Asker: 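Below you'll find the structure I mean.
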Amino acid sequence: MKLSIAWKSALLVFIILLIDQILKFWIKTSMCIGEDIPVFGNWFLIHFVENPGMAFGWELGGQSGKLILSLFRLVAIAAIIWYVNTLIKEKAPDGFILCICLILAGAIGNMIDCAFYGLLFSESTFTTVAEFLPEGGGYASFLHGKVVDMLSFPILHGTYPGWIPFKGGEEFLFFRPVFNIADSAVTIGVLAIIVFHWGYLKKVSKS
């Protein structure tokens, strides 16, 4: 039986969310902050960090900034769902719709962390592993949870040459950001649109 694009979209979002949340749950209940598990030598690590903000550790300051960011995520998710529904009705290319669904899945995945992880888990620290459904309640209120990140690719280590202004003698690391499956879905979705569907976007913008 051939699946419709609506079912394909829903299935794609579900699979990404399932993988994202299973991995995050395992990390949260098995590792301390800053703990590493080598996957491929020293250039691919499971490295547990949490961030209170956006992808790759970007954030808005304070509790009010966190709330604003969470509310923005909710609005963005609603807008993307509406856009996907519109694309399906207008019979847009399936590939383009699935790219938007990758972005949607990533946004929902990190929104789940922000909305519920503070309620469901105790605090993760450098010395203690978080507990699921702790007796005394979670570490934060609704919409104030932290996003769990764990994918680290510290491919290149070194020191900047002394002749480089301001940076000479300092250590450098590539690739420094730590991210998760949800972040990856967003990045892949955006890159795929640029590489494979830029012509469609230009065509739509002119119509």
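Nothing fancy with the numbering, it's 1 onward along the sequence. No experiment lies behind these values; they were computed from the predicted model shown.
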Asker: Between Tyr139 and Phe121, is the ring centroid distance below 6.0 Å?
Answerer: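 Distance test on ring centres: not under 6.0 Å, no.
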Asker: Can you measure from CG (Leu102) to CD1 (Ile16) and round to the nearest 0.5 angstrom?
Answerer: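 The CD1 atom of Ile16 is 4.5 Å from CG of Leu102, to the nearest 0.5 Å.
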Asker: Please report the closest heavy-atom contact between Trp198 and Ile194, naming both atoms and the distance.
Answerer: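 So the minimum-distance heavy-atom pair works out to CB-O, 3.4 Å.
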Asker: Counting heavy atoms not belonging to Phe196, are there more than 12 under 6.0 Å from its CZ?
Answerer: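 Count not over threshold, so no.
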Asker: Are Thr187 and Ser184 linked by a side-chain donor-acceptor pair shorter than 3.5 Å?
Answerer: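 No pair is found: no donor N or O on one side chain lies under 3.5 Å from an acceptor on the other.
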Asker: So if you build clusters from Ile, Leu, Val, Met, Phe, Trp, Tyr with side-chain heavy-atom gaps below 4.5 Å, do Trp26 and Val129 land together?
Answerer: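 Different hydrophobic clusters.
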Asker: Is there a side-chain contact between Asn180 and Val148 in this structure, where contact means two heavy atoms from C-beta onward sitting under 4.5 Å apart?
Answerer: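 The answer is no; the side chains never approach within 4.5 Å.
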Asker: Is there side-chain contact between Pro154 and Arg176, with heavy atoms separated by less than 4.5 Å?
Answerer: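 No; the side chains remain at least 4.5 Å from each other.
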Asker: I'd like to know if Met111 and Val190 are part of one continuous hydrophobic network [Ile/Leu/Val/Met/Phe/Trp/Tyr, side-chain heavy atoms within less than 4.5 Å].
Answerer: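 Same hydrophobic cluster.
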Asker: Let me confirm one number: the OH-CD distance from Tyr83 to Glu90, rounded to the nearest 0.5 Å.
Answerer: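 Reported to 0.5 Å precision, the distance equals 8.0 Å.
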Asker: Spell out, as yes or no, whether a donor-acceptor pair under 3.5 Å connects the side chain of His47 to the backbone of Leu45.
Answerer: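 Pair absent, no side-chain N/O of His47 close to backbone of Leu45.
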Asker: Locate the shortest heavy-atom distance separating Val147 from Cys114; write the atom from each residue and the value.
Answerer: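 Answer, listing the atom of Val147 first, then Cys114: CG2-SG, 3.7 Å.
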Asker: I'd like to check Met150 versus Met31 (side-chain heavy atoms, cut-off strictly below 4.5 Å). Are they in contact?
Answerer: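 Not touching, per the 4.5 Å side-chain cut-off.
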Asker: In the structure I gave you, are the side-chain heavy atoms of Phe48 and Phe126 within less than 4.5 Å of one another anywhere?
Answerer: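 Heavy-atom side-chain distance check fails, nothing below 4.5 Å.
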Asker: Find out whether Leu98 and Ser9 are in side-chain contact, i.e. whether some heavy atom of one side chain is under 4.5 Å from a heavy atom of the other.
Answerer: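 The answer is yes; the side chains approach within 4.5 Å.
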Asker: With rounding to the nearest 0.5 angstrom, report the CD1 to CG distance, Ile188 to Asp183.
Answerer: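 CG of Asp183 is found 11.0 Å from CD1 of Ile188.
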Asker: Just by distance, do the side chain of Gln21 and the backbone of Leu18 share a donor-acceptor pair under 3.5 Å?
Answerer: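 No, because the side chain of Gln21 does not come within donor-acceptor range (under 3.5 Å) of the backbone of Leu18.
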Asker: If we only count heavy atoms from C-beta on, is the Asp149 to Glu50 side-chain gap below 4.5 Å?
Answerer: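 A side-chain contact is absent here, since even the closest heavy-atom pair is not under 4.5 Å.
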Asker: I'd like to know whether OH of Tyr200 has more than 12 heavy-atom contacts from other residues, nucleotides or ligands below 6.0 angstrom.
Answerer: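 Counting neighbours around OH of Tyr200, more than 12 heavy atoms of other residues, nucleotides or ligands fall under 6.0 Å, so yes.
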Asker: Is a salt bridge present between Lys146 and Asp113, judged by a nitrogen-to-oxygen distance below 4.0 Å?
Answerer: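 Not counted as a salt bridge, because no side-chain N and carboxylate O are separated by less than 4.0 Å.
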Asker: Do Phe72 and Ile108 sit in the same hydrophobic cluster, where Ile, Leu, Val, Met, Phe, Trp and Tyr count as joined when their side-chain heavy atoms come under 4.5 Å apart?
Answerer: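 No; Ile108 is not reachable from Phe72 via cluster members.
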Asker: Parallel, tilted or perpendicular for Trp43 and Phe153, by the 30°/60° rule?
Answerer: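 Trp43 vs Phe153 ring planes: tilted.
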Asker: For Asn42, look at atom CG and say whether over 12 heavy atoms of other residues, nucleotides or ligands are found less than 6.0 Å away.
Answerer: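 Atom CG in Asn42 is not packed in, count stays at 12 or less.
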Asker: Looking at Phe44, I'd like to know if its CZ atom is crowded, meaning that more than 12 non-hydrogen atoms belonging to other residues, nucleotides or ligands lie closer than 6.0 Å.
Answerer: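 Enclosed.
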Asker: Could you tell me whether a side-chain N or O of Thr125 sits under 3.5 Å from a main-chain N or O of Thr128, the two making a donor and an acceptor?
Answerer: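 It does hold such a pair.
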Asker: What's the verdict on side-chain contact (heavy atoms from CB on, under 4.5 Å) for Ile46 and Val39, showing C-alpha distance, side-chain angles and the deciding distance?
Answerer: CA-CA 7 Å; Ile46 298 297; Val39 179; 3.7 Å; yes
Asker: In Å, rounded to the nearest 0.5 Å, how long is the span from CZ of Arg73 to CG of Asn110?
Answerer: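 Arg73 CZ to Asn110 CG: 5.5 Å, rounded to 0.5 Å.
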Asker: Please give me the minimum heavy-atom distance between Ile103 and Val186, naming the atom from each residue.
Answerer: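 Minimum heavy-atom separation between Ile103 and Val186: O-CG2, 3.8 Å.
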Asker: How long is the straight-line distance from SG of Cys101 back to CD1 of Ile88, given to the nearest 0.5 Å?
Answerer: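 Reported to 0.5 Å precision, the distance equals 6.5 Å.
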Asker: Is there a side-chain contact between Leu87 and Ile100 in this structure, where contact means two heavy atoms from C-beta onward sitting under 4.5 Å apart?
Answerer: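 Yes, close enough: below the 4.5 Å cut-off.
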Asker: Check the surroundings of atom CH2 in Trp7: do more than 12 heavy atoms from other residues, nucleotides or ligands lie under 6.0 Å from it?
Answerer: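 No.
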Asker: Does some side-chain heavy atom of Ile181 sit less than 4.5 Å from a side-chain heavy atom of Leu17?
Answerer: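 No, side chains not in contact.
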Asker: Would a distance-only check, ignoring hydrogens and angles, find a side-chain to backbone donor-acceptor pair under 3.5 Å from Ser122 to Glu131?
Answerer: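 Yes: the side chain of Ser122 pairs with the backbone of Glu131.
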Asker: Supply the atom-to-atom distance Ile112 CD1 to Lys24 NZ, rounded to the nearest 0.5 angstrom.
Answerer: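 The NZ atom of Lys24 is 7.5 Å from CD1 of Ile112, to the nearest 0.5 Å.
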Asker: Under 4.5 Å between side-chain heavy atoms, hopping through other hydrophobics if needed: is there a path connecting Leu201 to Ile5?
Answerer: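 Yes, same cluster.
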Asker: Between Leu71 and Val75, is there a shared hydrophobic cluster once you connect ILVMFWY residues whose side-chain heavy atoms come closer than 4.5 Å?
Answerer: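 No, it is not one cluster - the side chains of Leu71 and Val75 are not joined through contacts under 4.5 Å.
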Asker: Report the relative orientation of the aromatic rings in His197 and Phe96; use parallel for angles under 30°, tilted for 30 to 60°, perpendicular for over 60°.
Answerer: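 Geometry flag for Phe96 against His197: perpendicular rings.
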